[in-house]
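What follows is one structure encoded as structure tokens, with my remarks underneath.
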Amino acid sequence: MALDKNGIAKRIAQEVKNGYYVNLGIGIPTLVANYVRNDIEVEFQSENGVLGMGPFPFEGEEDADVINAGKQTITTLPGASFFDSAMSFSMIRGKHVHLTILGAMEVSETGDIANWKIPGKMVKGMGGAMDLVASADNIIVAMMHTNKAGESKLLKKCSLPLTGVGCVTKIVTNLAVLEVKNNTFHLLERAPGVTVEEIKKATEGTLIVNGEIPEMSI
Amino acid sequence: MINKKVNNVQEALKGVKSGMTFMLGGFGLCGIPENAITELVRLGVKDVTCISNNAGVDDFGLGLLLQNRQVKKMISSYVGENDEFERQMLSGELEVELTPQGTLAEKCRAAQAGFPAFYTPAGYGTEVAEGKETREFNGKMYVLEPAFKADFSFVKAWKGDAAGNLIFKGTSRNFNPNMCGAATITVAEVEELVPVGELDPNQIHIPGIFVQRIFQGEKYEKRIEQRTVRQRN
């Protein structure tokens with residue numbers, strides 16, 4: 001059975017390693033924080049200026065001066081720090097943040113990502129996404145394998161305006177875990193009960209399937 | 001000590017004119033210069049360009065200037081949450097220049113630090129880089145981005161003193177420190193203007209040299225955009 005959003009977040013949480021500083025995008029990536037093992041040391045960065053983000057505050061304890069990049073009220077954990085926007089992006093551009101997890105509308109087999117603009121629709125802006133994808137070495141995309149119309153989001157070439165070129169390294173969808181290398185998608189794992197055939201059908205870009213593909217363990 | 005203190009927001013905004021370019025601190029509604037925005041609305045200056053990460057909401061923050069049709073151009077990274085903004089943008093009344101968030105911050109910082117421009121990887125290969133100079137360093141491509149030029153910076157801090165020294169609180173810091181000294185005149189409004197000597201020099205985020213005018217702000221609303229809480233067990 002294909003994964004739901006929480007399932008995707010659970011699988012991505014396994015990519016978060018001890019000692020990592022991690023930036024989580026809005027949507028499915030935000031859920032990843034709920035599933036990270038509690039026996040490892042990880043700090044979450046929010047690009048509006050906080051490192052060491054904690055859970056949402058209890059009712060009545062919200063502070064208008066402490067929010068995340070989604071403008072939600074948050075708390076901080078012991079060891080947290082606040083900083084200005086230029087320093088925040090020094091952490092990102094300077095590759096001090098180890099892992100960036102974000103959503104996407106389309107990803108191409110060359111690692112291009114489109115996630116900020118749909119022509120003809122109101123454009124809200126890229127926020128920090130272009131800085132994040134242009135800088136991080138380790139970018140995981142969390143998304144559904146197909147769009148609402150059932151069309152593949154893993155393409156030979158993105159049709160939407162790009163956010164960044166040749167930057168995505170890994171994709172976790174409701175159907176599979178894939179690696180992007182040598183200008184192709186490499187199938188690493190299947191969602192529980194999903195067949196290689198189903199994944200092939202849902203992938204427009206070049207898909208490499210090498211040997212037996214294991215099921216994800218989540 | 002060089003005294004930067006002015007008595008009120010009217011004095012602080014002296015010299016503000018139509019057609020000028022302003023920098024305004026804040027991320028969403030967090031850390032916005034509420035008093036300066038209210039005064040800009042009262043003054044009714046028109047055709048202004050605003051450099052600000054976001055554009056407020058319909059009835060608060062920069063949304064108030066938009067409602068009043070005072071803004072000619074917005075330079076921002078993200079402009080959701082605002083219907084009037086959307087209407088003016090789609091009708092062509094409002095010019096919008098979308099800039100990646102880190103580039104926006106660095107264009108402020110570059111102006112503050114005296115750099116005319118800088119190379120960034122953000123936006124390379126996208127429409128943001130169209131028409132801009134690009135260059136390869138160590139096998140990676142970068143885009144040349146010029147520093148901003150602005151007439152006034154309006155920033156908001158938690159505490160400050162008459163010397164213009166500033167301390168920020170929480171994530172309301174955001175773009176505020178980067179905009180200090182990045183325009184011809186920097187106007188800082190603070191929640192608490194304390195006597196000179198009270199702030200520990202070790203703890204100051206922005207030294208007074210970057211600030212031309214400082215005043216005690218009033219009636220801070222500090223609206224929360226997304227009140228998100230968890231249940232107590």
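All chains are named by letter (A, B, ...) in the order of the sequence lines, taking the proteins before the strands, and each is independently numbered beginning at 1.
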Quick check: does any side chain N or O of [X] sit under 3.5 Å from a backbone N or O of [Y], one acting as donor and the other as acceptor?
| X | Y | answer |
| --- | --- | --- |
| Arg230(B) | Pro55(A) | no |
| Gln226(B) | Gln72(A) | no |
| Ser85(A) | Asn174(B) | yes |
| Asp84(A) | Asn176(B) | no |
| Thr73(A) | Thr228(B) | yes |

Which heavy-atom pair separates Glu106(B) from Ala86(A) by the least distance, and what is that distance? OE1-CB, 3.9 Å

Write down the atom of Gly164(A), the atom of Thr126(B), and the distance for their closest heavy-atom approach.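 What the structure gives for the nearest pair is N-CG2, 3.9 Å.
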
Could you tell me which portion of [X] (side chain, backbone, both or neither) has an atom closer than 4.5 angstrom to a non-hydrogen atom of chain B?
| X | result |
| --- | --- |
| Asn68(A) | backbone |
| Val133(A) | neither |
| Ser88(A) | neither |
| Glu61(A) | side chain |

Does any heavy atom of chain A fall under 4.5 Å from the side chain of Arg109(B), the backbone, both, or neither of them?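 Contact with chain A: side chain only.
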
Part of Val128(B) lying under 4.5 Å from any heavy atom of chain A: side chain

Residue selection (most heavy-atom pairs with chain B, distance under 4.5 Å) from [options]:
| options | value |
| --- | --- |
| Val50(A), Val66(A), Asn48(A), Leu162(A) | Asn48(A) |
| Ala64(A), Gly125(A), Gly127(A), Gly49(A) | Gly127(A) |
| Lys117(A), Arg93(A), Lys71(A) | Lys71(A) |

Does anything in residues 114-122 of chain B get under 4.5 Å of chain A by heavy atoms, and if so which residues? Thr120(B), Pro121(B), Ala122(B)

Flag the pair Asp63(A) and Lys169(B) as a salt bridge only when some basic side-chain nitrogen lies within less than 4.0 angstrom of an acidic carboxylate oxygen. yes

Using a 4.5 Å cut-off on heavy atoms from C-beta on, say whether the side chain of [Y] contacts that of [X].
| X | Y | answer |
| --- | --- | --- |
| Met141(B) | Val165(A) | no |
| Leu98(B) | Met130(A) | no |
| Phe85(B) | Met122(A) | yes |
| His205(B) | Phe82(A) | no |

